[in-house]
Visitor: 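The structure that follows is given in the form of structure tokens.
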Amino acid sequence: MSILPQEELVKKWESEQASLRQQVVEEDTEDWQRCPDFTGLERVGGVDLSFIKGDDVNACAQLVVLSYPDLELLYEDSQMVTLTAPYISGFLAFRETPYLLEALQRLETTQPSLLPQVVLVDGNGLFHYREFGLACHLGVLSGLPCIGVAKNLLQVQGVEKSEEHQSQIASLQKGGDSFPLTTNSGKVLGRALRSSDSSTKPVYVSVGHKISLDTALHLTHSCCRYRVPEPIRQIRSQSDE
DNA sequence: GCGACAG
DNA sequence: ATCTTGTCGC
């Protein structure tokens, strides 16, 4: 096996992103997405990789499936994995997607009736340097509707932590309030969401696959008891329960 | 040289 | 991502 220099790796990954980007569906495709209170939606998934202190090679790949709208645990899968790809900002998917896909495939094989109807992904979707973040990548490869939920702002295409951005955050009064993340060319790539009344710092929601931004925003908010949506949050609290 | 850098 | 204690406020 040959090791590519990072510069070559990035070129290869960029072209792979460009080709997969064309397969992203940015609209609602499911019946439940068009119902006012998401009637028909029964299972919401969450995926994440977690690490331990000094080790960035071994990680725990986790998938949870929660009931909707009660957000109770229906399924949980944890698998220790050894990562092969490095973390490079903008290319998170190449590091994490293979193991998240494996988890979804294990579920599909063993208990297909528990497959989630939508997956909340820890990271960005279209709100990305090349409009193809982790949530898009996992969505296209799995075929499942996916939503990107990032806890930190990625500064991309003119969206930045400016005075303007800070004042927009300050203007979010209550849980559910949001404002658009608009590029310098005028395209809305996502929305900053105040996810609960008690949290000041927003989360950044963007389309992953097979869902509209409006639906993604409302569903994400309806999954929030605290700042981080339950499907993603319950993964972390899982380890000590 | 300095800031930025999803997870 | 992860290391970490207390502390302030509701």
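Proteins come first, then strands; the chains are lettered A, B, ... in the order of their sequence lines, and each starts at number 1.
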Visitor: Among the nucleotides C/dC3, B/dG7, B/dA6, which one has an atom lying closest to any side-chain atom of A/D122?
Guide: B/dG7

Visitor: Which nucleotide in the set B/dA6, B/dG7, B/dA4 lies at the smallest distance from any side-chain heavy atom of A/Q155?
Guide: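 Closest nucleotide to the A/Q155 side chain: B/dA4.
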
Visitor: Salt bridge check: are A/R233 and A/E230 linked by an N-O gap of less than 4.0 Å?
Guide: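 Yes, A/R233 and A/E230 are salt-bridged.
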
Visitor: Need one value for A/G90: base, sugar-phosphate or nothing, where a base atom within 4.0 Å counts as base even if backbone is also close, heavy atoms only.
Guide: base

Visitor: Considering only side-chain heavy atoms of A/Y129, which listed nucleotide, B/dA6, C/dT2, B/dC5, is closest?
Guide: B/dC5

Visitor: Taking the six-membered ring for Trp, are the ring centroids of A/F94 and A/H137 within less than 6.0 Å of each other?
Guide: yes

Visitor: Considering only NZ, NE, NH1 and NH2 on the basic side and carboxylate oxygens on the acidic side, decide whether A/K151 and A/D122 come within less than 4.0 Å.
Guide: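 A salt bridge is present here (some side-chain N lies under 4.0 Å from a carboxylate O).
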
Visitor: Among B/dG7, C/dC3, B/dA6, which nucleotide sits nearest the side chain of A/E96?
Guide: B/dG7

Visitor: Check whether any side-chain N or O of A/N152 sits under 4.0 Å from OP1 or OP2 of B/dG7, and answer yes or no.
Guide: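 For A/N152, the contact criterion (side-chain N or O under 4.0 Å from OP1 or OP2 of B/dG7) is met.
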
Visitor: Under 4.0 Å: is that the gap between some side-chain N or O of A/K161 and OP1 or OP2 of B/dA4?
Guide: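 No, outside the criterion.
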
Visitor: Would you please say whether a donor-acceptor pair under 3.5 Å links the side chains of A/Q173 and A/S171?
Guide: no

Visitor: Can you tell me if the side-chain N/O atoms of A/Y87 get under 4.0 Å from OP1 or OP2 in B/dA6?
Guide: yes

Visitor: Select one nucleotide: of C/dA1, B/dC5, B/dA6, the one nearest the side-chain heavy atoms of A/F51.
Guide: C/dA1

Visitor: How is A/F91 classified with respect to the nucleic acid when contacts are heavy atoms under 4.0 Å: base, sugar-phosphate, or nothing?
Guide: base

Visitor: Pick base, sugar-phosphate or nothing for A/I88, based on heavy-atom distances below 4.0 Å to the nucleic acid.
Guide: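 A/I88: no heavy atom of the nucleic acid under 4.0 Å.
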
